[in-house]
Amino acid sequence: MSIDLAGTAVDTAFGELFSLVKEIVITIAAFAPQLKQIQSTLIKIDPIIQQWDEYNSRLDCSPKEIAPVKELFIRGKLLVEKCSRIHRFNFCKKYSHSNKLTDFDAEVQREFQIYLPLVTVISSKATSLNVKETGKDVREMMGDVKETGGEVKEIKGDLKETGGDVKEIKGEVKETGVDVREMKGDLKELKHLIISLQVNGAPHSVLELLGDLAVPKAPDCIVGSAVEASLRELKGWLLEEGMSVMVVTAPGGCGKSTLLTKLCHDAAIKGKFKNKIMFVRVSKKPNVIDIVRKMIRHNGFEVPAIETEDHAVQCLQQLLIRIGQDPVLLVLDDVWADSQSIIEKFVFKEIKHYKIVVTSRYEFPNVGLVHHLNPLPPGEALELFRQSVTVDGRCLVEPGDELWDKIVNRCKGLPLALTVIAKSLRGMDRAFWETKLLDWSSSGLDNDILDCLKKSLDDLDGDPSMKERFMDLASFPEDRKIPATALIDMWVELYKLDFDGVRAIADLNKLVYRNLADLIVTRTDSSEDEDKCYSSHYAMQHDLLRELAIMECDRGEVEERERLILDLTEDNSSDWWSEQKQPTLRARLVSIHTDGTFSIPWPNLQLPEAAALVLNFETNMQTKTYALPEFIEKADKLKALIVTNYSFFPAELRNFHVLGSSLTRIRLERIMVPLLSMGKLRLHNLQKISFFMCDISQASTSDDAKISDAIPNLVELDFDYCDDLKTLPDGICEIKPLKKLSITNCHNLSALPEQIGESASLEVVRLNSCTSLLRLPDSIGTLKKLISLNISDCLSLSTLPNQIGNLVNLKRMNMRGCLRLSVLPRSIVKLRNLRKVVCDKEKEVMWEPLKSSLNGLNIIASEEEANLDWLDD
């Protein structure tokens, strides 16, 4: 009965939107192109809506599993109604809402296909459902298709949630090009389209899926006619038919990656290759197996067990045959000289519409097409320098001064050097410029860009700490996004900064300002800054700048270095590492990177001064385990531990017992964590622990100790993208000092414990994007110190407890994207200190009457629709 009602609701919502669009498209000329496109999209999906009840009536599905489809159509109707009320001379709103209509059409195509597996995957249980039907041309569908004789021409879209056997789907199934007729009745072949929906093989999140091979954000601008000419030449080649490979070669810092990023965002290129553009950062030590896994996952297929490179190449060929019916573009970025064989493994000449672009500092004789990206000529180099060194067009050194030409000439026309050096001189007087020029000239290394960049690091803004922060970035692997939260944990302890990391973020922004790092913000949310939460902030470092940072870190004897950066991948080890007696190391920051080939036993390192330890690792397919090194136990001054698994699969972490009581911060990424068994530890000084994309095992045993006894002084607890977290262990609520609780993007979290009211010190609670959270416990009203509550994008939350009015110190509340929340409890009027509410435009009407009672209330009404598009950034 419930399914029939849910199906009727979807059908009704769709019908109302469809009817409104057909009516408005005739009468509102201003939005005619966008409305016609939406009408076309609705016509395409109408046949599927008509079959909606037929599929669901045969299965026992809950309304929750398909309700988001109805919400999508309702939001669309509201948007179209808004457009119909806009005055014809309100050009600003006409422009913004035309964009919103375009975005909505894209969301319908994408989001509707996201929810379609809720029907199609579940219906796969009914083995007799339409298996014998033939002759249908199925143009757009998602899930486990049991039909034969049809042709699946396009399967794409982000997969969010499914019911039944499929616990959680996140990913983007793109285009398959699979011809069902060729399968000759063999449904096993078609299962490759949907097997990635199964919980064991599903990627953790859309962020994980898109973050690996998505094209980086396009640069704001590119200076130079030579660069524009390169863009035109490469664009013309990519638009040609056929399979071919081209190498774009230039010295480091010339802008090869920037050029290709700009090219991939070109409208004509995106129009041809659509969502089949894969941007692979190859780097110095490529892993073919890992790259192929990511390519398979990126295209929405199940990732098979791949143990050898030969098998990986076979899987890659099968993938390209499947998706290669339409044009495919593969960018292999930053390929090194000894990795030519990597290029050959990706070449399959039988794929007709397949282009490969390689960026490298080197030429490869086996690749016939080569494009040389030259340094900027003097005039264009001077213009780039001018843009980077001036502030509002002004500079303390006049542009005509001979110093300009001398410094620009030192940069050899390399964009990276020009921007880094210019920003180190910005705002400085002529005497400072002259001193820097003398420093560069004294080295006698006119052709060494690294030396040129090195000189620009010294005493940045008179603050040598910036150089320290710059070198710290080398603690993380090449071409990887560095979470700002990891930098905060590290810098707070190394440099005794504020607990929340405000100064740490300020330091990171200084590096970005000087072009010594790039900042990537995946989602702009003012509440994150107010709550001192920076989970959407990432840093990246150009490989040339990372080389410079490592050169600086490696100066002096190993025993005396402030930073110890150890790359032990491919079983690399230093002589002292293998010696029976290990030296005492004075480093305060230690970073160790290992991979699946690492087999040397951990040495008994002596780290009496280490304050931060960064462990970066990859495991192999056989073990999927990682043992914390025993020497941690004796590092008495260790405060921050950051453990990051860069493997394709989560890894089981062993040797938890070595974690000492000196630790104040722990960050774990892509780790299998037996959360309740952590109660056996004694981390009495731990103040913050973060779990990112971790598998949180919550199975308890009779001998599990109370987790509140293990971490009695915890101040902040963060869970992000931990998919199997269904509820918070009760013991967490017994941690009295806990001030900040952040559970975000945990899509299986359905409830908070009623004991949450015992966490009397809580000041910040963040639950955003917990899409299955049904309610807040009544006891939340006892959190008298709570200042900020974020429930944005909690799609299943329909009511707030009446006790919420007891939050006497609540100042900020974010409920944007709470689509089902339509009524506020009467007690809300008691929130006398509430100063800011963020909500959807449609929900503003709920809050407006409260302005007279809640003095100073600022309602920020957002017209943005709740979706996950920000993960594409």
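Computed from a prediction, not measured in an experiment: that's the story for all the values here.
- No side-chain heavy atom of S792 sits less than 4.5 Å from a side-chain heavy atom of M815.
- Side-chain contact annotation: W491 with D472, donor-acceptor N/O pair under 3.5 Å present.
- Within the 4.5 Å cutoff, side-chain heavy atoms of I696 are placed close to those of F719.
- Counting non-hydrogen atoms of other residues, nucleotides and ligands closer than 6.0 Å to CZ of R654 gives a total of 12 or fewer.
- The minimum heavy-atom distance linking I732 with L738 is given by the pair CG2-CD2, 4.1 Å.
- For the atom pair L797 CG and L774 CG, the distance stands at 8.0 Å (nearest 0.5 Å).
- Between atom OH of residue Y538 and atom CG of residue L487 there is a gap of 11.5 Å, rounded to the nearest 0.5 Å.
- At least one side-chain heavy atom of I780 sits less than 4.5 Å from a side-chain heavy atom of P801.
- Interatomic distance, CG of D709 versus CG of L681, reported as 12.0 Å (0.5 Å rounding).
- No more than 12 heavy atoms of other residues, nucleotides or ligands lie within 6.0 Å of CZ in R503, so this atom counts as exposed by the packing criterion.
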Checklist entry - Yes or no on side chain to side chain contact (heavy atoms under 4.5 Å, CB included) for L585 and L605, after CA distance, side-chain angles and deciding distance? => result CA-CA 8 Å; L585 304 171; L605 291 183; 4.0 Å; yes
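- The salt bridge (charged side-chain N to carboxylate O under 4.0 Å, His left out) test applied to K634 returns no partner, not counting sequence neighbours.
- A donor and an acceptor atom, one from each side chain of S779 and Q803, are nowhere located under 3.5 Å apart.
- Using a distance-only test at 3.5 Å, with no hydrogens or angles considered, no donor-acceptor pair links the side chain of N685 to the main chain of L663.
- A salt bridge links K294 to D290: at least one charged side-chain nitrogen sits closer than 4.0 Å to a carboxylate oxygen.
- Classification of R816 and D793 as a salt-bridged pair fails, no side-chain N sitting under 4.0 Å from a carboxylate O.
- Between P629 and V658, every side-chain heavy-atom pair lies at or beyond the 4.5 Å cut-off.
- Looking only at side-chain heavy atoms (C-beta outward), R670 and F692 stay at 4.5 Å or farther from each other.
- Atom-to-atom distance recorded for S759:OG and L728:CG is 8.0 Å, nearest 0.5 angstrom.
- Using a 3.5 Å distance cut-off with no hydrogens or angles, the side chains of S769 and T744 do not pair a donor with an acceptor.
- Remark: D718 engages S690 in a side chain to side chain donor-acceptor pair (under 3.5 Å) (not counting sequence neighbours).
- In this structure, the side chains of S827 and I804 come closer than 4.5 Å at one or more pairs of heavy atoms.
- Remark: F476 pairs with no residue by the ring pair (Phe, Tyr, Trp, His ring centres under 6.0 Å) rule, at least two apart or across chains.
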Item to check | Residue pair L564, V558: steps toward the side chain to side chain contact (heavy atoms under 4.5 Å, CB included) verdict | outcome: CA-CA 7 Å; L564 187 62; V558 172; 3.9 Å; yes
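- E618 and H593 share a donor-acceptor pair across their side chains, judged by distance under 3.5 Å alone.
- The closest side-chain heavy-atom distance from I689 to L717 is below 4.5 Å.
- Salt bridge status for R665 with E493: present, with a side-chain N to carboxylate O gap under 4.0 Å.
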Item to check | Evaluation steps, side chain to side chain contact (heavy atoms under 4.5 Å, CB included), between L589 and E562 | outcome: CA-CA 7 Å; L589 170 60; E562 282 283 314; over 6 Å; no
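- Between L628 and N655, the shortest heavy-atom distance links the atoms O-ND2, 2.9 Å.
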Item to check | salt bridge (Lys or Arg N to Asp or Glu O under 4.0 Å) between K637 and E609, intermediate numbers included | outcome: CA-CA 6 Å; K637 294 184 180 181; E609 303 298 327; 3.2 Å; yes
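- Between I671 and F617, the closest heavy-atom pair is CD1-CZ, 3.7 Å.
- Taking a cutoff of 4.0 Å between a charged side-chain nitrogen and a carboxylate oxygen, K706 and E734 qualify as a salt bridge.
- Within the cation-pi definition used here (under 6.0 Å to the ring centroid, within 45° of the axis), R469 qualifies as a partner of Y495.
- Note: Y721 and H747 have perpendicular aromatic rings, judged against thresholds of 30 and 60 degrees for the angle between ring planes.
- Within the 4.5 Å cutoff, no side-chain heavy atoms of S750 are placed close to those of L773.
- Here the shortest heavy-atom pairing between P777 and I756 reads CG-CG2, 3.4 Å.
- For the residue pair D720/N745, the side-chain donor-acceptor check at 3.5 Å is satisfied.
- Residues passing the ring pair (Phe, Tyr, Trp, His ring centres under 6.0 Å) test with Y646, sequence neighbours excluded: none.
- Nearest heavy atoms, G731 versus S708: O-CB, 3.5 Å.
- By the salt bridge (charged side-chain N to carboxylate O under 4.0 Å, His left out) test, E669 is found to be paired with R667, residues two or more places apart in sequence or in another chain being considered.
- Considering CG of N604 and CZ of F631, their distance stands at 9.5 Å, rounded to 0.5 Å.
- Under the rule for a salt bridge (charged side-chain N to carboxylate O under 4.0 Å, His left out), the partners of D500 that lie at least two apart in sequence or sit in another chain are K740.
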Item to check | Trace of the side chain to side chain contact (heavy atoms under 4.5 Å, CB included) decision for V643 with I666 | outcome: CA-CA 8 Å; V643 184; I666 296 176; 5.9 Å; no
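- Residue S761 comes nearest to K785 through the heavy atom pair CA-CD, 4.2 Å, listed as atom of the first residue, atom of the second, then distance.
- The only member of D724, L668, L725 that meets side chain to side chain contact (heavy atoms under 4.5 Å, CB included) when paired with C694 is L668.
- With salt bridges taken as basic N to acidic carboxylate O contacts below 4.0 Å, one links R563 and E468.
- With rounding to the nearest 0.5 angstrom, the CE atom of M540 is 7.5 Å from the CG atom of D518.
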